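What follows is a short report on a single structure.
Excluded from the calculations below are hydrogen atoms, water molecules and symmetry mates; all remaining heavy atoms, backbone and side chain alike, are included. Not measured: the values here are computed from a predicted model.
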Amino acid sequence: MMGARTMDDAARRKELAAFLRARRAELKPGDVGLPDGVNRRRTPGLRREEVAQLSGVGLTWYTWLEQGRAIPASRQVIDALATALRLGDEHRRHLFVLASLSLPPAPGDDKPVLAAVQRMLDAVKPNPAYIIDHRFDVLAWNAAQSALWLDFAEIPEDERNLVLLLFRDPGVRRLLLDWDETARMIVAQFRAAAGQYPGDPRFAQVVDRLSRDSTDFLGWWESYPVAEFSMAVNRLAHPRAGALELDLSHLRLVEHPQLTMVLQTPVHDADARALSDLLAAVT
């Protein structure tokens with residue numbers, strides 16, 4: 001296992017070095033406010049010493065980074081390099097991934113994104129579906145999801161978090177026949193997500209609340225479980241629709257990697273009919 005990890009790290013450092021060289025070659029001195037001096041340059045792009053100067057790092061350190069050497073790189077330094085190289089949002093996030101650092105928050109207004117996402121959610125009815133962000137906050141949902149779980153619109157925005165609802169809402173707890181297994185898995189997924197965004201206060205806020213409210217959560221959280229999203233079957237006992245089995249899928253939005261659609265689809269024909277009847281009864 002150690003050999004495989006070493007090879008993975010070496011490949012990542014090689015990719016990071018190639019990425020930095022490519023971005024450096026694309027820039028002209030005039031792009032960053034330096035004298036052009038075109039006639040004195042044997043190769044296009046900025047020199048290493050110019051990138052080091054612009055980002056405030058040592059030339060030797062930056063040279064080693066471009067050579068793929070195993071040297072530490074802090075978030076602040078990588079961010080300074082991204083600024084010096086005039087990286088756009090996609091290139092900046094890619095640089096953080098190659099440097100094995102947590103991703104910077106996605107910039108911009110989410111409203112146009114969520115408007116398109118809402119149309120997608122509405123199109124998958126009668127299958128329940130909702131959107132969560134990297135903090136597990138519920139951002140959008142369709143009518144089928146409201147009929148199946150609860151009306152998210154009636155929940156204060158600060159409480160509209162998948163982990164909070166799982167532990168604090170008695171209706172959601174009664175709905176899930178395998179609540180213990182589901183809750184353990186969600187805690188492990190939330191713990192893995194928190195590790196990718198160590199400076200995000202929302203994670204600490206959710207953990208603080210649940211640590212006070214739930215001994216189950218506190219015990220599981222302190223055992224430090226870690227898990228990624230995986231397909232599962234949700235077994236539900238719905239007060240109107242009765243027993244349901246739904247496949248649970250997580251679909252990551254490529255254009256917005258911090259957003260995930262949680263889609264629930266019927267396992268059996270009877271589940272499909274029950275979902276359709278449930279949605280018809282409430283709309």
Worksheet item: Under 6.0 Å from the six-membered ring centre of Tyr224 and within 45° of its axis: does the NZ or CZ of Arg191 meet both?
Response: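 Checked: cation-pi criterion met.
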Item to complete: Would you list the pairs meeting salt bridge (charged side-chain N to carboxylate O under 4.0 Å, His left out) in which at least one residue belongs to residues 210-225, sequence neighbours left out?
Response: Arg168-Asp213, Arg173-Asp216
Minimum side-chain heavy-atom gap [X]-[Y] below 4.5 Å:
X      : Y      : answer
Leu164 : Leu210 : yes
Leu95  : Leu85  : no
Asp79  : Ser74  : no
Leu166 : Phe136 : no
Arg160 : Asp137 : no
Leu162 : Tyr130 : yes

Nearest heavy-atom pair of [X] and [Y]: which atoms, and what distance?
X      : Y      : value
Asp271 : Ala243 : OD1-O, 4.0 Å
Ala241 : Ala274 : O-CB, 4.1 Å
Leu148 : Gln264 : CD2-OE1, 3.5 Å
Ala153 : Trp141 : N-CZ2, 3.5 Å
Leu54  : Ala84  : CB-CB, 3.8 Å
Val172 : Asp169 : N-OD1, 3.0 Å

Under 6.0 Å from the [atom1] atom of [X], do we count more than 12 heavy atoms belonging to anything else shown?
X      : atom1 : result
Asp269 : CG    : no
Gln205 : CD    : yes
Trp64  : CH2   : no
Met120 : CE    : yes
Arg240 : CZ    : no
Glu181 : CD    : no

In the single-linkage hydrophobic clustering (I, L, V, M, F, W, Y; side-chain heavy atoms under 4.5 Å), do [X] and [Y] co-cluster?
X      : Y      : value
Ile71  : Val77  : yes
Leu177 : Leu244 : no
Val262 : Leu279 : no
Leu165 : Leu218 : no
Trp149 : Met185 : no

Fill in: Pairing residues for Asp178 by the salt bridge (charged side-chain N to carboxylate O under 4.0 Å, His left out) criterion, not counting sequence neighbours
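Residues passing salt bridge (charged side-chain N to carboxylate O under 4.0 Å, His left out) with Asp178: Arg235.
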Item to complete: Name all residues meeting the salt bridge (charged side-chain N to carboxylate O under 4.0 Å, His left out) criterion together with Arg23; count only those two or more places apart in sequence or in a different chain, and write none if there are none.
Response: Glu26
Worksheet item: Quick one: which of Leu20, Val57, Val51, Thr60 gives a side chain to side chain contact (heavy atoms under 4.5 Å, CB included) with Leu65?
Response: Leu20
Using atom types as modelled and distance alone, determine if a side-chain donor or acceptor of [X] lies under 3.5 Å from a backbone N or O of [Y].
X      : Y      : answer
Asn142 : Leu121 : yes
His238 : Ala147 : yes
Trp220 : Ala188 : no
Arg21  : Glu66  : yes
Glu159 : Pro156 : no
Asn234 : Leu246 : no

Worksheet item: Mind checking whether Phe217 and Phe167 have parallel, tilted or perpendicular rings, split at 30° and 60°?
Response: perpendicular
Worksheet item: With under 30° as parallel and over 60° as perpendicular, where do the rings of Phe203 and Phe190 fit, or are they tilted in between?
Response: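 If you compare the ring of Phe203 with that of Phe190, the planes turn out tilted.
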Item to complete: Report the residues that fulfil side chain to side chain donor-acceptor pair (under 3.5 Å) with Thr260, sequence neighbours left out, ordered by chain and then residue number.
Response: Arg252
Quick one: pull up [atom1] in [X] and [atom2] in [Y] and give me the separation to the nearest 0.5 Å.
X      : Y      : atom1 : atom2 : answer
Leu16  : His94  : CG    : NE2   : 8.5 Å
Arg86  : Leu46  : CZ    : CG    : 9.0 Å
Ile131 : Leu263 : CD1   : CG    : 9.5 Å
Ser214 : Trp221 : OG    : CH2   : 13.0 Å
Met261 : Leu139 : CE    : CG    : 14.0 Å
His256 : Asp133 : NE2   : CG    : 13.0 Å

Item to complete: Determine the sole option in Arg119, Lys125, Gln118 for which the side chain to side chain donor-acceptor pair (under 3.5 Å) test with Asp122 is passed.
Response: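 The option that passes is Gln118.
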Fill in: Asp200 bridged to Arg202 by N-O distance under 4.0 Å
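No, Asp200 and Arg202 are not salt-bridged.
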Discussion item. Running the 4.5 Å side-chain criterion over Ile, Leu, Val, Met, Phe, Trp and Tyr, what cluster does Val267 land in, apart from itself?
Written reply: Val233
Fill in: Trace of the side-chain contact (heavy atoms from CB on, under 4.5 Å) decision for Asp89 with Arg93
CA-CA 6 Å; Asp89 297 331; Arg93 288 194 291 273; 3.7 Å; yes
Discussion item. Just to verify, what does His268 make a ring-ring contact (aromatic ring centres under 6.0 Å, His included) with, not counting sequence neighbours?
Written reply: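 None.
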